[in-house]
Participant: 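Here's a structure for you.
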Amino acid sequence: MLFRSGGGPTTREYIPKHSELTVVKVDKALKKIFFNEGWESSGFTENSWTVTNDTTNVWVVGQAENNGGTSSSYVSDDGGTTASYTNTTANVSHFYKDFTFNSSLDRVYLEFDWKCQGENAVGATQYDYGAVVITTTGTTPVAGTEVSTTQATGGGNGRIGADDNLGKFNLNYGTNPGTTWNTERINLSDYIGQTKRIVFTWNNDGSVGTDPPFIVDNIKITEFKF
């Protein structure tokens, strides 16, 4: 490549042709999706998730909803035919999985697509909502009981995501979340070097509320190294 300044002699500077290609390869190496759950292969058990369902409004993998592909995970009161819930019966249902966050990495993110209408009020447990919790591997979710109702701070255990709605995924958070897919991206870098349990929860009280309940698709864990 030639660079000329003023009217003087030409100065020759050679830039290796492979420089741009090298930068592209390095950039790709820095970002890695090491977990990607699109629910296309089969259900919870086959994909190494554990489900703890309550009596009526339960987590299923089915084809009533999806954000790409054919399937997603969602709460249903009719065996998966629809993403719908019975709002006159109080239920808390969970599915969860353990993840180890490599200590050599600088940043780790959880990402997932979601929908939810439900019902909202000012408190952390009011009223019908989805929640995502990070906790210890020794914590076993129990049907009918939430794992945590407070936000995680400083690498501690608790709810993650939906920060401006007390960790509740419902009509009060996101953009038209009852009818439009929203994407949540959560920085989990405070947990690097640890193995943690991530729990997806649906909670509803026993009165009022609007479909759909919590619907989740395309769960990803993405690692970055700088």
Participant: Under the side chain to side chain contact (heavy atoms under 4.5 Å, CB included) rule, collect the residues that match up with Ile198, sequence neighbours excluded.
Facilitator: Phe99, Phe101, Leu110, Val132, Ile134, Leu188, Phe200, Ile221
Participant: Output all residues satisfying side chain to side chain contact (heavy atoms under 4.5 Å, CB included) with Asn47, sequence neighbours left out; order by chain, then residue number.
Facilitator: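 For Asn47, the residues satisfying side chain to side chain contact (heavy atoms under 4.5 Å, CB included) (neighbours in sequence not counted) are Glu37, Trp39, Ser41, Ser42, Trp49.
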Participant: Between Ile215 and Ser72, which heavy-atom pair has the shortest distance, and what is it?
Facilitator: CG2-OG, 3.7 Å
Participant: Can you tell me how far the CD atom of Gln63 sits from the OG1 atom of Thr70, to the nearest 0.5 Å?
Facilitator: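 These two atoms lie 4.5 Å from each other.
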Participant: Decide yes or no on side-chain contact (heavy atoms from CB on, under 4.5 Å) for Gln151 and Asp163, but give the supporting numbers first.
Facilitator: CA-CA 8 Å; Gln151 292 292 99; Asp163 292 337; 2.9 Å; yes
Participant: Can you check whether Thr195's main-chain N or O pairs, donor with acceptor, with Thr100's side chain at less than 3.5 Å?
Facilitator: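 Pair absent, no side-chain N/O of Thr100 close to backbone of Thr195.
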Participant: How far apart are the C-alpha atoms of Thr149 and Arg159, what are their side-chain angles, what is the distance that settles it, and do they pass the side-chain contact (heavy atoms from CB on, under 4.5 Å) test?
Facilitator: CA-CA 7 Å; Thr149 59; Arg159 291 181 181 178; 3.8 Å; yes
Participant: What heavy-atom pair brings Thr81 and Ala64 nearest, and what distance separates the two atoms?
Facilitator: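 Closest heavy-atom pair between Thr81 and Ala64: O-CB, 3.5 Å.
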Participant: Side-chain heavy atoms nearer than 4.5 Å, only ILVMFWY residues, links allowed to pass through others: does that put Ile160 and Trp114 together?
Facilitator: yes
Participant: What are the two closest non-hydrogen atoms of Ala83 and Pro213, and how far apart are they?
Facilitator: O-CD, 3.4 Å
Participant: So how far is it from Asn66 CG to Glu40 CD, rounded to the nearest 0.5 Å?
Facilitator: 7.0 Å
Participant: Examine the side chains of Asn91 and Thr89 and answer whether a donor and an acceptor come within less than 3.5 Å of each other.
Facilitator: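 No pair is found: no donor N or O on one side chain lies under 3.5 Å from an acceptor on the other.
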Participant: For the hydrophobic clusters of this structure (ILVMFWY residues joined by side-chain heavy atoms under 4.5 Å, transitively), does one cluster hold both Val133 and Leu166?
Facilitator: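 Result: no, two separate clusters.
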Participant: Could you tell me whether a side-chain N or O of Asp78 sits under 3.5 Å from a main-chain N or O of Thr82, the two making a donor and an acceptor?
Facilitator: yes
Participant: Establish, from distance only, whether the side-chain atoms of Asn170 and Asp128 form a donor-acceptor pair under 3.5 Å.
Facilitator: no
Participant: Give a yes-or-no answer on whether the side chains of Thr56 and Asp77 include a donor-acceptor pair shorter than 3.5 Å.
Facilitator: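 No donor-acceptor contact under 3.5 Å links the two side chains.
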Participant: Rounded to the nearest 0.5 Å, what separates atom CZ in Arg197 from atom CG in Asn157?
Facilitator: 11.5 Å
Participant: Please say yes or no: joined through hydrophobic side-chain contacts below 4.5 Å, possibly via intermediate residues, are Tyr173 and Val75 part of one cluster?
Facilitator: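 Linked, Tyr173 and Val75 end up in one cluster.
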Participant: Does one side chain, of Asp113 or Asn67, offer a donor that lies under 3.5 Å from an acceptor on the other?
Facilitator: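 Asp113 vs Asn67: donor-acceptor pair found between side chains.
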Participant: Rounded to the nearest 0.5 Å, what separates atom NZ in Lys97 from atom OG1 in Thr50?
Facilitator: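 Answer rounded to 0.5 Å: 8.5 Å.
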Participant: Cation-pi between Arg185 and Tyr109: NZ/CZ under 6.0 Å from ring centre and within 45° of the ring axis?
Facilitator: yes
Participant: From the options Asn57, Thr86, Thr88, select the one residue that forms a side-chain hydrogen bond (donor to acceptor under 3.5 Å, both in side chains) with Asn204.
Facilitator: Asn57
Participant: Go through the steps to decide whether Phe169 and Phe214 satisfy the test ring pair (Phe, Tyr, Trp, His ring centres under 6.0 Å), and finish with yes or no.
Facilitator: CA-CA 8 Å; Phe169 291 87; Phe214 206 17; 5.6 Å; yes
Participant: Determine the minimum heavy-atom distance between Lys220 and Ile33, stating which atoms define it.
Facilitator: CD-CD1, 4.0 Å
Participant: Would Gln117 and Asp211 count as a side-chain contact (heavy atoms from CB on, under 4.5 Å) if you check the C-alpha gap in whole Å, the side-chain angles of each, and the deciding distance to 0.1 Å?
Facilitator: CA-CA 6 Å; Gln117 184 76 6; Asp211 290 331; over 6 Å; no
Participant: Measuring from atom CD of Glu111 to atom CG of Asn36, what distance do you get when rounded to the nearest 0.5 angstrom?
Facilitator: 9.5 Å
Participant: Regarding Tyr127 and Asn120, do their side chains bring together a donor and an acceptor under 3.5 Å, going by distance alone?
Facilitator: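 The answer is no; no qualifying pair exists.
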Participant: For Lys115 versus Thr180, what's the shortest heavy-atom pair and its separation?
Facilitator: CG-O, 3.7 Å
Participant: Kindly indicate whether the side chain of Phe224, heavy atoms from C-beta on, has any atom under 4.5 Å from the side chain of Leu105.
Facilitator: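 No - every pair of side-chain heavy atoms lies 4.5 Å or more apart.
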Participant: Do Lys168 and Glu119 meet the salt-bridge criterion of a basic N to acidic O distance under 4.0 Å?
Facilitator: no
Participant: Applying ring pair (Phe, Tyr, Trp, His ring centres under 6.0 Å) between Trp59 and each of Tyr74, Phe95, Tyr85, Tyr96, report the one that passes.
Facilitator: Phe95
Participant: How many angstroms lie between atom OG of Ser73 and atom CZ of Phe112, to the nearest 0.5 angstrom?
Facilitator: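 With rounding to 0.5 Å, OG (Ser73) is 10.0 Å from CZ (Phe112).
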Participant: Are Glu223 and Lys32 within salt-bridge range, i.e. N to O under 4.0 Å?
Facilitator: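 Salt bridge between Glu223 and Lys32, a charged N being under 4.0 Å from a carboxylate O: no.
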Participant: Going through the checks in order, is the side-chain contact (heavy atoms from CB on, under 4.5 Å) test met by Ile219 and Phe35?
Facilitator: CA-CA 8 Å; Ile219 302 171; Phe35 179 81; 4.2 Å; yes
Participant: Under a 4.5 Å side-chain heavy-atom rule over Ile, Leu, Val, Met, Phe, Trp and Tyr, are Leu171 and Val208 clustered together?
Facilitator: no
Participant: If we count only N and O atoms by modelled type, under 3.5 Å, do the side chains of His94 and Thr52 hold a donor and an acceptor together?
Facilitator: no
Participant: Show the nearest heavy-atom pair for residues Ala90 and Asp54, with the distance to one decimal.
Facilitator: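 Smallest interatomic distance, heavy atoms only, reads O-OD2, 4.2 Å.
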Participant: Applying the 4.5 Å side-chain criterion to the ILVMFWY set and letting contacts propagate, would Tyr191 and Phe34 be lumped into a single cluster?
Facilitator: yes
